[in-house]
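Treat the numbers as computed from the prediction; the structure is a model and nothing was measured. These numbers come from the heavy atoms of this one structure, side chains and all, not from hydrogens, waters or symmetry mates.
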Amino acid sequence: MPANDEAKPVDKGPAKLGSVDIEVFAHNLARMIEEGGKALAAYMKPREEGKIKGEMADNVTDVVKTVGQVAEYWLADPQRAVEVQASLGRAYLDLWAGAVKRMAGEPAAPVIAADPKDKRFADPEWSQNQFFDFLKQAYLLTSQWADRLVKDAAGVDEHTRAKAEFYVKQIANAMAPSNFVLTNPELLRETLAANGENLVRGMRMLGDDIKAGHGHLKITQTDFDKFEVGRNLATTPGKVVFQNDLFQLIQYEPTTAEVLKVPLLIVPPWINKYYILDLGPEKSFIKWAVDQGITVFVVSWVNPGANMANKNFEQYMFEGPLAALDAIEAATGERKINAIGYCVGGTLLAVTLAYLAAKKNNRVLSATMYVAQVDFTYAGDLKVFIDEERLQQLEAHMNEQGYLEASRMATAFNMLRANDLIWPYVINNYMRGKKPYPFDILYWNADSTRMPAANHSFYLRNFYLENKFAKGELKLGGVKLDLKKVKLPVYNLATREDHIAPAKSVLYGSQYFGGPVKYVLAGSGHIAGVINPPAKAKYPYWTGAEPRGDDVEAWRAKATEHPGSWWPDWFEWLKSQDPKTVPARKIGKGKLKPIEDAPGSYVKVRNWN
């Protein structure tokens, strides 16, 4: 998701101390300190009351332990240690020599240049001003050196190396000179021009976000007052026609005289809410699908509390997709359906298909996987959070309260793209003192759900840690699950820049299905690559040969690039499975009667006030 770019400096010239009102500036610094005290109090209060325990200790211990193994490799050989330190020393000497030349009025090429896509150093003063240019290059050299330390540590196992690389990257991101007022030319200009008023506002916003997070920092990424589920989000007309403890099933009103005979079931992830597929009329996949003449049903998962601590993965299958199949048959009279699974919803759908295949129950005509994984060998950056030791710590935490807080998963996802989803908002909110732009995707991103302890533990252990599903070792409902028995057609969508379900992982997972698989690669990432409506057509997509192996770029090199959205391609594929149509179905004419209007009540249960 794009970083917030609201705060643009008005004055592009150098900061002028003479324009500062010293008395006002001093007064604002005092106010900032006062607001800082309130923020600190908000942070300390739940800890003093025992509501928050020292959860940071496990994280810090793991960072020190992981980075320590890398350091141990270099320090074990004195010659190796000297060489790697000398390499950094030489880089600093080159930087200093260049700086001296510039001070003498001579031209000097930079020792290292920032990536042109790196928005942190976009301001001209990062290059034109000698002081800021020196800071920038020193930071980039140090970050590059630290990254090399990890990548070249030959004696470290791959999982530890991946964790160390992730931790070093987080530390480097946090220490960037762009994150501090005195070392960021834009922030310094704005602070001096505003006599420090921005810092007062920012510290007040920091305190508000800590209070909103009940002692944890819950960074505001959008203007929450601008959105409301049912008002300008999740507005496609429909009815809740079935519900149980785990989900509400929404059936949408038809907009065409004829509809495809086979209805469509969408299984979204339970980690987030379904309305990512129904953000608004212009972006809504659900509305678009309805307008193509599809009878659409969507699972809207509950936001569980401690009372659902023991709901496990098997129950999510039986009481989720399988219950939805029965409900759709009751509502439409159709025993067969087409199905879509998004992210972990796709993993659950694949498990359900394998279960149905084992039972020789042929109820699904076709399956579409949106950025969903069935094999977790190449599961991406999230794997750095998962090993036996970390999983035991997480399980102990979940067992205390019965669930994993939504904020924990949200933080993990944000850390995967910290320079887009964390630090721009730290700068904009707490240093510039500006509210972020209204952004529907970031509102949805913050409106995540809790996860029952039993279900989340099973998912992380059996899929991410042990990869049992791909190995054919997973048992649910008393049967061993084998995807090779799933012979139905699959439309397997991946996105090029996905950090959560990497395109490589989705491609590699295609081999496990027993029927024909159409692998499609979309531009952008986990969200924007999926939510790419034809009217906007922001990103292209690729179609090509039958998916084999795990080399995405080799597959793409022989594939055909198509401009615009992949949605119409999917619809043509879907129609080809069974093009028969019937008169549009009126909600409530079957055995199921409407319970309430869409979007229903489950989706409106939030984790903030």
Side-chain angles (χ1 to χ4, degrees), residues 1 3-4 39 42-43 46-47 51-63 66 162-163 165-176 179 205-206 208-222 224 269-273 276 303 343-344 379-387 390-391 393-398 400-401 403-430 436 439 441-451 453 456-457 459-460 464 498-501 525-527 606-608:
M1 288 166 263
N4 186 289
Y43 177 83
R47 287 162 177 80
K51 295 178 181 178
I52 296 178
K53 299 180 180 179
E55 75 285 350
M56 285 294 292
D58 290 336
N59 295 330
V60 172
T61 299
D62 193 59
V63 172
T66 302
K163 285 173 61 177
E165 190 173 347
F166 178 81
Y167 289 144
V168 167
K169 183 178 180 181
Q170 297 305 316
I171 294 168
N173 289 341
M175 297 304 294
N179 295 337
M205 292 172 70
L206 175 64
D208 291 343
D209 283 354
I210 293 174
K211 288 179 184 176
H214 305 289
H216 295 288
L217 177 59
K218 181 180 174 64
I219 300 175
T220 300
Q221 296 175 316
T222 186
F224 292 109
W270 57 83
I271 293 171
N272 296 99
K273 295 182 178 178
I276 187 60
N303 191 356
C343 188
V344 67
D381 294 341
L382 280 176
K383 288 189 78 172
V384 304
F385 298 107
I386 302 167
D387 52 42
R390 296 287 283 173
L391 187 51
Q393 293 169 356
L394 183 64
E395 287 171 338
H397 172 78
M398 291 191 295
E400 285 185 5
Q401 55 191 15
Y403 57 83
L404 182 68
E405 310 94 314
S407 60
R408 291 283 288 263
M409 282 301 295
T411 298
F413 288 134
N414 287 342
M415 288 176 71
L416 298 182
R417 294 180 56 198
N419 283 337
D420 290 328
L421 297 176
I422 295 178
W423 296 111
Y425 297 97
V426 170
I427 293 169
N428 184 76
N429 299 7
Y430 310 141
F439 191 7
I441 288 179
L442 289 180
Y443 179 93
W444 166 85
N445 189 54
D447 189 19
S448 49
T449 62
R450 297 177 289 269
M451 282 147 284
H456 198 54
S457 174
Y459 172 61
L460 294 181
Y464 269 95
D498 200 328
H499 296 274
I500 298 168
H526 196 73
I527 302 300
R606 305 190 309 186
N607 295 313
W608 73 85

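- The heavy-atom pair separating Leu442 from Leu421 by the smallest distance is CD2-CD2, 4.1 Å.
- Under the side-chain contact (heavy atoms from CB on, under 4.5 Å) criterion, Ala406 pairs with Ser448, Asn607, sequence neighbours left out.
- Lys273 is linked by a salt bridge (Lys or Arg N to Asp or Glu O under 4.0 Å) to Asp447, counting only residues two or more places apart in sequence or in another chain.
- Residues passing the side chain to side chain donor-acceptor pair (under 3.5 Å) test with Tyr403: none are found, sequence neighbours excluded.
- No more than 12 heavy atoms of other residues, nucleotides or ligands shown are found within 6.0 angstrom of NZ on Lys169.
- Remark: Val426 pairs with Ile219, Ile422, Trp423, Tyr430, Met431 by the side-chain contact (heavy atoms from CB on, under 4.5 Å) rule, at least two apart or across chains.
- Annotation: side chain of Asn445 is in contact with side chain of Asn414 (closest heavy-atom distance under 4.5 Å).
- For the pair Phe385 and Leu416, the minimum side-chain heavy-atom distance is below 4.5 Å.
- Here the closest heavy-atom approach between residue Ile210 and residue Ala39 is recorded as CD1-O, 3.8 Å.
- Checked against salt bridge (Lys or Arg N to Asp or Glu O under 4.0 Å), Glu395 has the following partners two or more places apart in sequence or in another chain: Arg461.
- Checking side-chain atoms of Gln221 against main-chain N and O of Tyr425 turns up no donor-acceptor pair under 3.5 Å.
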Determine whether Thr411 and His216 satisfy the following criterion, side-chain contact (heavy atoms from CB on, under 4.5 Å), listing intermediate values before the conclusion. CA-CA 11 Å; Thr411 298; His216 295 288; over 6 Å; no
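- Not a single salt bridge (Lys or Arg N to Asp or Glu O under 4.0 Å) links Asp381 to another residue, sequence neighbours left out.
- Thr220 pairs by the side chain to side chain donor-acceptor pair (under 3.5 Å) definition with Asp209, not counting sequence neighbours.
- In this structure, Val63 and Gln170 have side chains that are not in contact, with every pair of non-hydrogen atoms separated by 4.5 Å or more.
- Applying the side-chain contact (heavy atoms from CB on, under 4.5 Å) test to Asp498 and every residue at least two apart in sequence or in another chain returns Val371, Thr495, Ile500, Ala501, His526.
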Stepwise, does the side-chain contact (heavy atoms from CB on, under 4.5 Å) test hold for Arg390 with Asp387? CA-CA 5 Å; Arg390 296 287 283 173; Asp387 52 42; 3.1 Å; yes
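- Looking only at side-chain heavy atoms (C-beta outward), Tyr167 and Val384 stay at 4.5 Å or farther from each other.
- Of all the heavy atoms in Pro424 and Ala418, the pair that sits closest is CD-O, 3.8 Å.
- Here the shortest heavy-atom pairing between Ala212 and Lys218 reads O-CD, 4.2 Å.
- By the ring-ring contact (aromatic ring centres under 6.0 Å, His included) test, Tyr459 is found to be paired with Phe463, Tyr464, residues two or more places apart in sequence or in another chain being considered.
- Among residues two or more places apart in sequence or in another chain, the side-chain contact (heavy atoms from CB on, under 4.5 Å) test is passed with Met451 by Trp270, Ile271, Leu404, Met409, His456.
- Remark: the backbone N or O of Ala453 is not paired with any side-chain donor or acceptor of Ser457 at under 3.5 angstrom.
- Distance CG/Asp62 to NZ/Lys163: 3.5 Å, rounded to 0.5 Å.
- Separating the CE atom in Met415 from the CG atom in Leu382 is a distance of 11.0 Å, to the nearest 0.5 Å.
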Would you sort out whether Asn179 and Asn173 count as a side-chain contact (heavy atoms from CB on, under 4.5 Å), showing the intermediate values? CA-CA 9 Å; Asn179 295 337; Asn173 289 341; 5.8 Å; no
